[in-house]
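As a basis for the values below, the full set of heavy atoms in this structure was taken, side chains included, without hydrogen atoms, waters or symmetry mates.
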Amino acid sequence: MAAVDPTPKDSATVALPGLGRALISAGKLTQKEAEDIYRKSQASRQSFIAELTGSGAVSAADLAHTVSTVFGAPLLDLNAVDPQRLPREMLDPKICGAYRVVVLSKRSNRLIVATADPTDQEAAEKIKFTTQLGVDWVIAEYDKLSAMVAASSKSASDSLDAINSSTEFEFSDLPIEEAQESGQDNNGAEVEDAPIVKFLHKMLIDAFNMRASDLHFEPYEHTYRVRFRIDGELREIASPPIAIKDKLASRIKVISRLDISEKRVPQDGRMKLKVGPDRVIDFRVSTLPTLFGEKIVIRILDPSSAKMGIEALGYDPEEKERLLSAIGRPYGMILVTGPTGSGKTVSLYSCLNLLNKPGVNIATAEDPSEINLPGVNQVNVNEKAGLTFAVALKSFLRQDPDIIMVGEIRDLETADISIKAAQTGHLVLSTLHTNDAPTTLTRMRNMGIAPFNIASSVILITAQRLARRLCPQCKAPADIPHEALLEAGFDDEELDGSWVAYKAVGCSACNNGYKGRVGIYQVMPISEEIQRIILRDGSALDIAAQAKREGVRSLRESGLHKVKQGMTSLEEVLAVTNI
């Protein structure tokens, strides 16, 4: 007969967490007390430290002092910390809430983080993975830490009913009754739900105040999130309840003049937000059916961005002079190239704003028109209705235009009509999606345009990128090895010690060390020698080499010049000019 183990199963050895073992070593708990607390925490599905302090076995203050002594970590009284002065957006609020941590500051490549449990390796690894920064723990009392995490995580997603709309802002939208009359299946109670209206209102105002370019409303199976694109990067701002997704989508559709009963196909619309007595911001709305609801992206179209002027865009003096000289020509084609989101539209409209005079007839064809500019005849391309870029251009040429702007040259027909317009006494501005200025010419050749037409019509090409601008309040000198600077593209002559490269640090006034963006440009006039290369069907490398001989900086060289000026960091330039 087999021997029977007399030890009860519930008294078996428990794999205690590091904090429990530390408290046993410090004499604050017995082995049995620690194991009992651990079993209770497992049963109640909460953390060991939450069960420990909640049970009263060890007070939060005593626990903090003990942990500080045992692990040799500094102890901080959170009552002396102003939550409003803590750095924001360095760590996802969800992570802070899940692990009960608070980011206090950033030092070099490490985060100073307050915690009550420095043995929590899962928290440390999660923070390292998310931020790509090291972690230095500071010990705080668990109850105070929990209160601060709860207070700092309050947002629009925590209590929609608590959001108060401001009388300083108001919607300029389509009345609900008008939408109903147009045949839409509209549930007034759904779209006029006060918390939904206030939540959307707050998101739009927050996005405008945070200088965001886009808002993303994204439904998933069990969650719903709102993200803003700020300085080119998407940041999660709120996680409202999943239950609001349909009501929020309906509200956005109503004020954007979209069909709220149609959820199977994408839709595009616009809406306005009045900011103050004499300023209105346009929003472009795009809906997309996804697995778990409609994703909605709202782009902020601030008309004032077109009136900032060439100086505000970041052109160097010689680059600005070349551009101004080209737009002052009576005819020819000017092309702006770069990826989506590189600021091509703002550059084009800044040029149009300079050219927009009472004696000039300007017509634009865009898909869709993003910035309203009084005095300019703007046409939205509608391919479903047969209004393509080519059709719009043909119509423009019968409207006695002086200047024509084409949103994008996508095909041979549009390119051919644009070139003919440039050759027959019109100034034509347009965009192409190419990596840099020299490859734009070979791209046009590959579209089927004859070299003679390219050489005789194109007068200037500008390639551009947007780099994040260093925060002037917290940027610090960067210690970059000489070899790394040479590898990035600097010459030995430039590394004479007369300038200092800066790096991003991060403070409460910026976004991880950056605030705003600055343009990086390659402005290439089409000289007679470059025309000869085009006529003999030369390659982009031949054109680039000739442009360099004529003093045209490449995108990388232009970016490195911004590094020397202290506008941006070397890491940012390497990232945006990696072509």
Got a second to check how far Ile520's CD1 is from Met567's CE, nearest 0.5 Å?
10.5 Å
Determine whether more than 12 heavy atoms belonging to other residues, nucleotides or ligands lie under 6.0 Å from atom CD of Gln473.
no
Euclidean distance, Lys515 NZ relative to Cys507 SG, rounded to 0.5 Å:
7.5 Å
Does a sphere of radius 6.0 Å around NZ in Lys564 hold more than 12 heavy atoms from other residues, nucleotides or ligands, not counting ones at 6.0 Å or beyond?
yes
Can you tell me if Asp231 uses its side chain to pair, donor with acceptor, with the backbone of Gly516 under 3.5 Å?
yes
Sub-4.5 Å side-chain heavy-atom contact between Thr337 and Thr439
no
For the side chain of Glu572 and the backbone of Ser569, is there at least one donor-acceptor N/O pair under 3.5 Å apart?
no
Looking only at atom types and distance, does a side-chain atom of Ser105 sit under 3.5 Å from a main-chain N or O of Ile112, one as donor and one as acceptor?
no
With the side chain counted from C-beta on, respond yes when Gln464 and Tyr315 share a heavy-atom pair under 4.5 Å apart, and no when they do not.
yes
Residues Met203, Ile298; criterion side chain to side chain contact (heavy atoms under 4.5 Å, CB included); working and verdict:
CA-CA 11 Å; Met203 290 296 99; Ile298 301 177; over 6 Å; no
Test item: Leu466 and Val576 side chains (from C-beta on) under 4.5 Å apart, heavy atoms:
no
Pairs involving residues 472-492, ordered by first then second residue, that meet ring pair (Phe, Tyr, Trp, His ring centres under 6.0 Å) (sequence neighbours left out):
Phe490-Trp499
Of all heavy-atom pairs between Arg225 and Tyr220, which one has the smallest distance, and what is that distance?
NH2-OH, 3.1 Å
Trace of the salt bridge (charged side-chain N to carboxylate O under 4.0 Å, His left out) decision for Asp479 with Lys503:
CA-CA 9 Å; Asp479 184 15; Lys503 63 180 179 180; over 6 Å; no
Non-hydrogen atoms of Ile24 and Gln31 that approach each other most closely
CD1-OE1, 3.5 Å
Distance in Å, His216 NE2 paired with Phe228 CZ, rounded so as to fall on 0.5 Å steps:
10.5 Å
For a quick test of reading the model, state the closest non-hydrogen atom pair linking Leu570 to Ala488 and the distance between them.
CD1-CB, 3.8 Å
Which atom names give the shortest non-hydrogen contact between Thr290 and Pro219, and what distance separates them?
OG1-CG, 4.1 Å
Donor-acceptor pair, Lys106 side chain versus Ser108 backbone, under 3.5 Å?
yes
Heavy-atom side-chain proximity of Thr223 to Glu218 below 4.5 angstrom:
no
Between the OG1 atom in Thr568 and the CZ atom in Arg517, the distance rounded to the nearest 0.5 Å is 11.5 Å
For the atom pair CZ (Phe292) and CD1 (Ile242), what is the distance rounded to the nearest 0.5 Å?
9.0 Å
For Val573 and Val563, the nearest pair of non-hydrogen atoms, with its separation, is CG2-CG2, 3.5 Å
Side-chain ion pair, Lys40 and Asp36, N-O less than 4.0 Å:
no
With a 4.5 Å limit on heavy-atom distance, are the side chains of Ser347 and Thr462 in contact?
no
Checking Arg251 against Val197 for the side chain to side chain contact (heavy atoms under 4.5 Å, CB included) test, could you report, in this order, the C-alpha distance in whole Å, the side-chain angles of both residues, the deciding distance, and whether it holds?
CA-CA 7 Å; Arg251 174 62 183 170; Val197 173; 3.8 Å; yes
Please examine the side chains of Ile255 and Leu200, heavy atoms only from C-beta on, and report whether any two atoms are closer than 4.5 Å.
yes
With sequence neighbours excluded, what pairs up with Tyr502 under the ring pair (Phe, Tyr, Trp, His ring centres under 6.0 Å) test?
none
State whether a side-chain donor-acceptor pair under 3.5 Å links Ser213 with Arg229.
no
Go through the steps for Leu63 and Ile49 under the test side chain to side chain contact (heavy atoms under 4.5 Å, CB included), then give the verdict.
CA-CA 9 Å; Leu63 174 65; Ile49 192 170; 3.7 Å; yes
With Thr577 as reference, evaluate Arg465, Arg556, Gln522 under the side chain to side chain donor-acceptor pair (under 3.5 Å) test and give the passing residue.
Arg556
Between Thr53 (side chain only) and Ser59 (backbone N and O only), is there a donor and an acceptor less than 3.5 Å apart?
no
Will you find, in the side chains of Asp117 and Thr115, an N or O donor that is under 3.5 Å from an N or O acceptor?
no
So, Asp77 side chain and Asn79 main chain: donor-acceptor pair closer than 3.5 Å or not?
yes
State, with a plain yes or no, whether a side-chain heavy atom of Leu23 is found less than 4.5 Å away from one of Thr66.
yes
State whether the side chain of Ser146 and the backbone N or O of Tyr142 hold a donor-acceptor pair below 3.5 Å, judged by distance alone.
yes
Please report the C-alpha distance between Ile252 and Phe217 in whole Å, then the side-chain angles of each, then the deciding distance to 0.1 Å, and finally whether the side chain to side chain contact (heavy atoms under 4.5 Å, CB included) criterion is met.
CA-CA 11 Å; Ile252 294 173; Phe217 297 86; 4.3 Å; yes
Charged N to carboxylate O below 4.0 Å: is that the case for Lys562 and Asp316?
yes
Are the side chains of Thr119 and Phe48 in touch, meaning some heavy atoms are under 4.5 Å apart?
no
First locate atom CG of Leu485, then atom CG of Leu560, and finally report the distance between them rounded to the nearest 0.5 Å.
9.0 Å
Donor-acceptor under 3.5 Å (His65 side chain, Ala61 main chain)
yes
N/O donor-acceptor pair under 3.5 Å between Arg211 side chain and Phe208 backbone
no
Strictly below 4.0 Å, N to O, side chains only: are Arg468 and Glu233 in salt-bridge contact?
yes
Exercise: identify the closest heavy-atom pair between Ser41 and Ser47
CB-O, 3.8 Å
Expected output: side-chain Ser55 to main-chain Leu52 donor-acceptor under 3.5 Å
yes
